[in-house]
Structures are given as C-alpha cells and as structure tokens.
Trainee: 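Please read through the structure below; I'll follow up with questions.
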There are 4 protein chains.
Amino acid sequence: MIVLDYQDRRPIYEQIAEKLQVLINKDILEVNTQMPSVRKLAMDLSINPNTIQRAYALLESKGYIYPIKGRGNFVSPKKDFINEEKEQFFKNLKAQLQQGIDIGIPLSEVLARTERIYKEETS
Amino acid sequence: MIVLDYQDRRPIYEQIAEKLQVLINKDILEVNTQMPSVRKLAMDLSINPNTIQRAYALLESKGYIYPIKGRGNFVSPKKDFINEEKEQFFKNLKAQLQQGIDIGIPLSEVLARTERIYKEETS
Amino acid sequence: MIVLDYQDRRPIYEQIAEKLQVLINKDILEVNTQMPSVRKLAMDLSINPNTIQRAYALLESKGYIYPIKGRGNFVSPKKDFINEEKEQFFKNLKAQLQQGIDIGIPLSEVLARTERIYKEETS
Amino acid sequence: MIVLDYQDRRPIYEQIAEKLQVLINKDILEVNTQMPSVRKLAMDLSINPNTIQRAYALLESKGYIYPIKGRGNFVSPKKDFINEEKEQFFKNLKAQLQQGIDIGIPLSEVLARTERIYKEETS
DNA sequence: GTGGTCTAGACCACG
DNA sequence: GTGGTCTAGACCACC
C-alpha cells in the first residue's frame with residue numbers, strides 16, 4: 001500500500017505522513033475509524049516504530065488524526081478536503097516548476113507542454 | 001545578489017549552486033567569462049570558502065562551469081546537457097500533472113497558477 | 001584491503017572511490033548490501049571522515065551507491081550507466097590505439113602488453 | 001600548432017612539454033635548431049611566460065633540449081627516438097586500461113575490441 | 001593571486 | 001548508531 005522512496009530527500013516519517021494523508025483525503029481511511037497501530041505499521045513497512053510515531057505526531061499536529069489514550073489513533077472528521085489536496089498539489093507543482101526555472105525553460109514552453117499533457121491524459 | 005535561506009531544507013552549497021546556475025542560464029554570467037573567485041564570493045556571502053568550493057564543484061559536475069588551475073572558474077559553453085535536464089523535467093512535470101488530473105483540477109486553473117508561479121519566481 | 005598512494009597525483013578521495021568502485025564491479029561488495037560506515041572506514045584507513053564522505057558522494061553521483069538516512073550507504077543495483085561508461089571507454093581506447101598505429105606498433109605487441117597490464121593491475 | 005586542454009588534469013606546463021617532445025621526436029623541431037623563445041611561445045599561446053619556462057625546464061631535465069646562455073634553448077641530439085615514443089604510448093595505454101579495469105570490463109572484451117579497432121584502422 | 005585537498009571538530013536530522 | 005553539512009585553518013600546485 002505504502003511505498004517508501006529512500007532516494008527521496010524528504011525524511012521517511014514525512015513520506016509516510018503524506019501517504020496516509022492522501023488515504024484519509026480519499027476516504028480509504030474513513031473518519032473516526034482507527035488508524036493502523038504504530039507497531040503493526042512499523043512491522044508492515046519493516047522500519048523503526050519511532051519513525052511511525054513521528055509520522056503520526058505530524059498528522060496529529062496537522063489535525064488529520066487524533067489519539068485516544070490506551071486505544072490508538074483515529075481519523076479526524078475533516079473540514080476542507082478538496083482544498084487540502086489542491087493546496088498540496090500546487091505546492092508540489094511549484095517545487096517542480098522551480099526546477100524548470102532553474103534550467104531556464106521559458107514559461108511559454110511549460111504552458112504549451114502542460115496543455116498537451118492534459119489533453120493526452122484526459123482524452 | 002544571492003540571498004541564502006538558512007531555513008531552507010536544501011544545503012547552502014546547493015542553494016548557491018542553483019542561484020548561480022540561473023544566472024548562467026540567463027546569460028548574466030556570460031559564457032567563458034570568469035566566475036567570482038571562491039574566496040571573494042565566500043567573503044561577500046560571509047560563509048566558509050569550502051562551502052563555495054562545494055557549490056562550484058557541483059556546478060562543474062553538472063557541466064555549467066570549468067576550472068582553470070591558478071586562474072579561476074569559468075562559465076562553460078552551453079551544450080546538450082541542458083536538453084537532458086529538460087527531458088527529465090518534463091517527465092517529472094507529467095507525473096505531477098497526472099495527480100492534478102486525478103483530483104479533477106481543470107487545465108485552466110493549472111495554467112493560470114503556472115503562470116503566476118513563474119512570474120513570482122523569476123521576478 | 002585499500003591501500004592509499006600519497007604520491008599519486010589523484011586525490012585520496014578519488015583513489016578510495018575508484019577502489020570501492022572496482023570492488024562493487026567485482027561483486028565483492030554485493031548489490032543492496034551495506035557499505036562500510038563513513039566513520040569506520042575513516043578509522044580503518046586512518047584518515048579524516050570527511051575524505052571518506054567525499055569518496056562516497058562521488059560514488060553516489062556516479063550511481064554506484066545510494067544512502068539511506070540514519071542507516072548507511074548501500075550498493076546500487078547495476079544499471080545502464082555502466083554501458084555509458086563503457087562506450088566512453090572504448091571511444092578513448094580507439095583514439096589511444098590510433099596513436100599506436102601511427103607510430104607503427106604491431107597489433108601483437110599491443111595485445112601482449114594489454115594482457116600484461118590487465119594481469120598486473122587486477123591481481 | 002599546440003592546443004591546450006584546460007580540462008586536462010595535468011598542469012599546462014606538462015602538456016606543453018609533452019607536445020614539444022612529440023614535435024622533437026617527429027623531427028618537426030630539428031636537432032640543434034633553436035626552440036621558440038620563451039616569450040614568443042608565451043605570447044602565441046597567450047599564457048604566462050613562467051609556464052613556458054617550467055615546460056622548458058622539464059624538457060631540459062629529460063634531455064630533450066639544452067640551453068645556451070644569452071642565446072636560447074636548442075634541440076638536443078637524440079638517442080632513442082622510437083623507444084621514447086613507444087614508452088609514452090604504453091604509459092598512456094596503461095592509464096587508459098586502468099579505467100576499463102575500474103568499470104569492470106573483462107580482458108577478453110578489451111582484447112577483442114583492440115583487435116577490431118586495429119583491423120578497421122589499418123585496412 | 002587562483003582552485004583543490006585535507007584535517008579537526010562541531011552540529012544536525014534521521015532511525 | 002548513521003550520513004550530511006558547515007566552519008576554521010592549513011597546505012599544495014599552478015599561473
């Protein structure tokens with residue numbers, strides 16, 4: 001389900017948090033249901049439980065999940081589903097475009113290419 | 001000219017390399033002219049010369065500059081390596097856009113946002 | 001295992017990188033196994049860890065190893081980049097041999113010498 | 001006549017010395033004739049006269065030229081023309097082959113390729 | 001003067 | 001524990 005990219009510059013816990021966030025946004029992890037336990041997820045991904053703990057802490061700070069002592073972590077009711085995801089998308093897009101700017105690709109070329117990709121993929 | 005962001009996740013030497021790369025791509029640093037010396041740039045940015053050295057090493061490995069011993073570093077004539085980078089960029093962009101398509105962001109919005117990002121970042 | 005030659009014109013970090021590269025190519029360091037840690041190798045060779053770090057950075061940029069944060073460096077699965085290097089090698093070899101042809105060195109002598117060099121260097 | 005490669009790892013003075021050595025070996029610079037003056041050659045190559053001076057010093061130490069005070073440098077009578085050149089060739093070949101060894105090209109492949117190149121080029 | 005390499009020692013993020 | 005980054009200071013070759 002969750003694939004880790006060790007080449008990625010972002011820390012593992014952040015990758016995991018982001019992936020879980022997507023699952024929550026897509027209602028694959030439903031509101032008020034229990035998240036997989038820290039230990040179990042750590043086993044599944046064969047990584048250190050500390051790392052999962054940090055991912056959950058991050059999700060909690062962002063309001064995606066809430067802990068119940070002695071029971072586990074649960075998915076928060078959500079507020080702003082679409083906007084969250086869009087925001088994330090545009091944040092990523094911006095990072096991506098920055099690279100294009102760095103190597104000197106003109107705006108016009110990016111726009112043309114974007115249009116072409118969209119048409120190919122949505123046809 | 002070059003502003004460092006110590007909050008940025010990327011290391012300083014990478015930030016510097018990227019900024020210089022942009023200046024080269026914009027022909028502000030012209031082909032075959034001399035780059036600022038390692039020591040001078042270090043003084044100007046008030047950081048350690050080793051850090052500049054690393055930035056220059058990175059630029060050299062990417063083919064943007066070439067050193068002449070005892071003289072300094074110079075801007076490389078532009079070559080195909082730019083095209084390779086472009087190809088990679090558009091491949092990544094496509095993957096990125098695919099996500100936008102998946103969550104239903106309309107082309108018009110992406111185009112508008114792209115334009116805005118470009119203008120912010122190149123100003 | 002690794003012997004450094006301080007008389008060699010090449011920097012130490014490059015010598016180390018080259019030696020490790022050979023070990024990887026010979027599968028003595030196997031794919032996806034862990035490289036010796038930066039600090040340990042530094043101790044073993046009694047040189048500064050930074051120098052090892054640089055050697056590893058070089059190997060990473062060439063695609064021979066990949067780092068996992070907090071865990072160590074690992075041997076990359078072999079890919080096409082080897083072929084690119086090979087192609088370059090044979091191009092250079094051809095230019096080299098052309099000189100031998102020009103001054104009239106017979107094929108047999110070149111073959112014999114090549115064999116001898118190989119045996120010396122790989123023993 | 002002499003082309004410098006600033007990308008080359010070898011110092012400029014060594015490149016110049018080597019090129020001049022070849023010219024001497026090929027009798028383009030004839031025995032007992034005068035070498036170009038330090039200043040003139042420096043002008044021609046638009047480099048620092050010190051660098052030429054070092055190249056000449058190197059050639060003198062190898063016995064290729066001899067200086068006459070107040071007059072200039074002259075080509076030495078030679079001894080061992082063919083062997084010098086062959087030795088140089090095999091030295092270069094060895095450096096070249098070392099690279100092949102580094103990236104793991106088997107001896108057999110090098111031998112086969114060498115043979116092929118020779119046949120192509122001498123036919 | 002230039003770039004390049006190396007050491008020593010420190011700090012950080014990550015697992 | 002791991003790798004990665006940065007500083008400070010030194011030395012070298014080269015021009």
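In what follows, every chain begins at residue 1, and chains take the letters A, B, ... in the order their sequences are listed. Just so it is clear, the structure is predicted and the values come from calculations on it, not from any experiment.
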Trainee: Nearest to the side chain of B:Ile47 - F:dG3, F:dT7, E:dC6?
Mentor: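 Taking heavy atoms from C-beta onward, the closest nucleotide is F:dT7.
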Trainee: Find the distance C:Leu58:CG to E:dT5:P and express it as a whole number of Å.
Mentor: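 Those two atoms, CG and P, are 10 Å apart.
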Trainee: Rounded to whole angstrom units, what separation is found between the CD atom of C:Glu60 and the P atom of F:dT2?
Mentor: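 Atom-to-atom, C:Glu60 to F:dT2, this comes out as 18 Å.
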Trainee: Is the phosphate of F:dT5, meaning OP1 or OP2, less than 4.0 Å from a side-chain N or O of B:Tyr13?
Mentor: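 Checking F:dT5 against B:Tyr13, a side-chain N or O does come within under 4.0 Å of OP1 or OP2.
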Trainee: Check whether the side chain of C:Asn50 and the base of F:dG3 form a donor-acceptor pair under 3.5 Å.
Mentor: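 Counting by modelled atom types and ignoring angles, no donor-acceptor contact under 3.5 Å is found here.
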Trainee: Measure from CD1 on B:Ile52 to C1' on E:dT2 and round the result to the nearest Å.
Mentor: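 Interatomic distance, CD1 of B:Ile52 to C1' of E:dT2: 15 Å.
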Trainee: For C:Ser46 and for B:Lys40, find the nucleotide of DNA chain E with the closest heavy atom, then tell me which residue's nucleotide is more 5'.
Mentor: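 The residue mapped nearer the 5' terminus is B:Lys40.
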Trainee: For D:Ile12 and C:Met35, find the nucleotide of DNA chain F closest to each by heavy atoms; which residue's nucleotide sits nearer the 5' end?
Mentor: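 That would be C:Met35.
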Trainee: Take the protein atom CZ of B:Arg39 and the nucleotide atom P of F:dA10, then report the distance between them rounded to whole Å.
Mentor: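 About 13 Å, once rounded to whole Å.
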Trainee: Rounding to a whole Å, what distance do you find between A:Leu4:CG and E:dC14:C1'?
Mentor: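 So the CG-C1' distance, A:Leu4 to E:dC14, works out to 14 Å.
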Trainee: Both distances below 3.5 Å, Watson-Crick or wobble geometry, any strand: find the nucleotide opposite F:dC14.
Mentor: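 Per the H-bond distance test, E:dG1.
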Trainee: How long is the span from the CG atom in D:Asp5 to the CZ atom in D:Arg10, to the nearest 0.5 Å?
Mentor: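 If we round to the nearest 0.5 Å, D:Asp5:CG and D:Arg10:CZ are 8.5 Å apart.
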Trainee: Whole-Å distance between E:dC6 C1' and B:Gln53 CD?
Mentor: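 Taking atom C1' of E:dC6 as the reference, CD of B:Gln53 is at 12 Å.
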Trainee: Under 4.0 Å, counting only non-hydrogen atoms across every strand here, what does B:Ile68 touch: a base, just sugar-phosphate, or nothing?
Mentor: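 Here B:Ile68 touches no strand at all.
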Trainee: Separation of C:Tyr6 atom OH from F:dC11 atom C1', in whole Å?
Mentor: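 From C:Tyr6 OH to F:dC11 C1': 14 Å.
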Trainee: Considering just the side-chain nitrogens and oxygens of D:Arg54, establish if one lies under 4.0 Å of OP1 or OP2 belonging to F:dC14.
Mentor: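 Yes, within the criterion.
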Trainee: For the side chain of C:Ser37, counting heavy atoms from C-beta on, which of E:dG9, E:dT5, F:dG3 is nearest?
Mentor: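 Per side-chain heavy atoms of C:Ser37, the pick is F:dG3.
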Trainee: Where each residue is assigned the nucleotide of DNA chain E containing its nearest heavy atom, which of C:Gly70 and B:Gly72 is assigned the position nearer the 5′ end?
Mentor: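 Here B:Gly72 is the residue nearer the 5' end.
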Trainee: Ignoring hydrogens and geometry, is there a side-chain-to-backbone donor-acceptor pair from B:Lys78 to B:Ile24 under 3.5 Å?
Mentor: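 Pair found, side chain donor or acceptor close to backbone of B:Ile24.
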Trainee: Using the side-chain heavy atoms of C:Thr51, tell me which of these nucleotides is nearest: E:dC6, F:dG3, F:dT7.
Mentor: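 From the listed options, E:dC6 comes nearest.
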Trainee: Find the distance B:Asn73:CG to F:dC14:P and express it as a whole number of Å.
Mentor: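 Atom CG in B:Asn73 sits about 17 Å away from atom P in F:dC14.
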Trainee: Between C:Asn48 and E:dC6, is there a side-chain N or O to OP1/OP2 distance below 4.0 Å?
Mentor: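 False: C:Asn48 side-chain N/O out of range (4.0 Å or more) of E:dC6 OP1/OP2.
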Trainee: Please determine whether the number of non-hydrogen atoms from other residues, nucleotides or ligands lying under 6.0 Å from atom CZ of A:Arg39 exceeds 12.
Mentor: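 No - once you tally the heavy atoms of other residues, nucleotides and ligands closer than 6.0 Å, there are 12 at most.
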Trainee: Kindly indicate whether the side chain of C:Tyr56, heavy atoms from C-beta on, has any atom under 4.5 Å from the side chain of C:Ile16.
Mentor: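 Not in contact.
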Trainee: Please evaluate residues D:Gln88 and D:Asn92 with respect to the criterion side-chain hydrogen bond (donor to acceptor under 3.5 Å, both in side chains), reporting the C-alpha separation (whole Å), side-chain torsions for both, the decisive distance (0.1 Å), and the verdict.
Mentor: CA-CA 6 Å; D:Gln88 185 60 42; D:Asn92 293 342; 3.2 Å; yes
Trainee: Looking only at side chains, do C:Asn83 and C:Glu87 share a donor and an acceptor under 3.5 Å apart?
Mentor: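 Side chains of C:Asn83 and C:Glu87: no pair found under 3.5 Å.
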Trainee: Any N or O donor-acceptor pair linking the side chain of B:Arg71 to the base of E:dG1 at under 3.5 Å?
Mentor: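 Side chain to base: no pair below 3.5 Å.
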